[in-house]
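Numbering of residues begins at 1 and proceeds along the displayed sequence.
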Amino acid sequence: MEKVMNILNPKPNPQQLLREWQRRLRQECRNIERQIRDIQREEKNVQKAIKEAAKRNDMGSAKALAKEVVRSRKTVNRLYENKAQLNSISMHLGESVAIARTVGHLSKSAEVMKHVNNLMKAPQMAITMQEFSKEMTKAGVIEEMVNDAVDNALDSEDIEEETEEEIDKVLTAIAGETAAELPEAVRKEKLKQPAQSVDDAEGADDEEELEELRARLDKVRSYFTM
């Protein structure tokens, strides 16, 4: 019966599996690259808004936006790490297939398992890597993984707390000269204050624009291409 099933539904050989996996891994890398470009494009708009807020002496809004820049850069760093791990999986799979030509079957790879396990903890990659995990377990490349961290990853992302030092560094780098023109006492006071609503139409428009920028950046940062 098994022979009949193999004829009707032949199992893909290691080379076929490798080509398919690598194709999908490359697609995931392109998705990550696209998300990085989107975040960096929105960050330029936020940098411009920070400079404009500093010129208005609205250091509360400038600092709030600087915090968004810090968060976005951390997100980009995590995405680059994810991409590096995807490339490592592809490389180690290639090595596994080379060995399979000699031994006749795919062998387990501790390195592939480690990278898959790490990526399953990343919210943007969790579902995709669960699919890879099932396929690679079935093919004998990795062992079945039971990890509570996977379920937790699907619920929410662990956002690192932005430090005041990081935010102030970004603020100084983007609007340093403008901020430096304010008297020290005024600058410190304004930095302590949150972005305030103003009654006049121009101020309201500024607040609206800042909120829209922050919302757009947050959306791009949290969105992962299907």
Salt bridge check, [Y] against [X]: does any charged N sit closer than 4.0 Å to a carboxylate O?
X    : Y    : result
K114 : E111 : yes
E143 : K108 : no
E166 : K74  : yes
E135 : R24  : yes

Could you report the tightest heavy-atom contact between [X] and [Y], atom names first, then the distance?
X    : Y    : value
A54  : A62  : N-CB, 4.4 Å
M125 : I32  : SD-CD1, 4.4 Å
L25  : L93  : CD1-CD1, 4.1 Å
L18  : G94  : CD1-N, 3.8 Å
I142 : S109 : CG2-O, 4.1 Å

Give me the one residue out of E43, K51, K44 that meets side-chain hydrogen bond (donor to acceptor under 3.5 Å, both in side chains) with Q47.
E43
Are Y80 and L119 linked, directly or through other ILVMFWY residues, by side chains that come within less than 4.5 angstrom of each other?
yes
Apply the test side chain to side chain contact (heavy atoms under 4.5 Å, CB included) to residues L79 and I39: give CA-CA distance (whole Å), side-chain angles for both, the deciding distance (0.1 Å), then the verdict.
CA-CA 11 Å; L79 289 171; I39 292 173; 4.0 Å; yes
Polar contact flag, side-chain donor to acceptor under 3.5 angstrom, Q27-N31:
yes
From [X] atom [atom1] to [Y] atom [atom2], the distance as rounded to the nearest 0.5 Å:
X    : Y    : atom1 : atom2 : answer
L86  : K83  : CG    : NZ    : 9.5 Å
T75  : E68  : OG1   : CD    : 10.0 Å
E20  : Q15  : CD    : CD    : 14.5 Å
K169 : I174 : NZ    : CD1   : 14.0 Å
I36  : N82  : CD1   : CG    : 9.0 Å
R73  : Q40  : CZ    : CD    : 9.5 Å

Quick check: do S133 and M120 have side-chain heavy atoms less than 4.5 Å from each other?
yes
Is there side-chain contact between W21 and V112, with at least one heavy-atom pair below 4.5 Å?
no
Any donor and acceptor pair, going by atom type alone, linking the side chain of S96 with main-chain N or O of H92 inside 3.5 Å?
yes
I'd like to know if the side chain of Q22 and the backbone of R19 have a donor-acceptor N/O pair within less than 3.5 Å.
no
Would D58 and S61 satisfy side-chain hydrogen bond (donor to acceptor under 3.5 Å, both in side chains), going step by step from the backbone distance to the final call?
CA-CA 6 Å; D58 184 1; S61 293; 2.7 Å; yes
Please test M113 against V116 for side chain to side chain contact (heavy atoms under 4.5 Å, CB included), starting from the C-alpha separation and ending with a verdict.
CA-CA 5 Å; M113 186 166 181; V116 170; 5.8 Å; no
Among N118, N117, I89, exactly one meets side-chain contact (heavy atoms from CB on, under 4.5 Å) together with M129. Which residue is that?
I89
Run the side chain to side chain contact (heavy atoms under 4.5 Å, CB included) check on E164 and K63 step by step: do they pass?
CA-CA 10 Å; E164 287 295 313; K63 186 172 183 178; 2.5 Å; yes
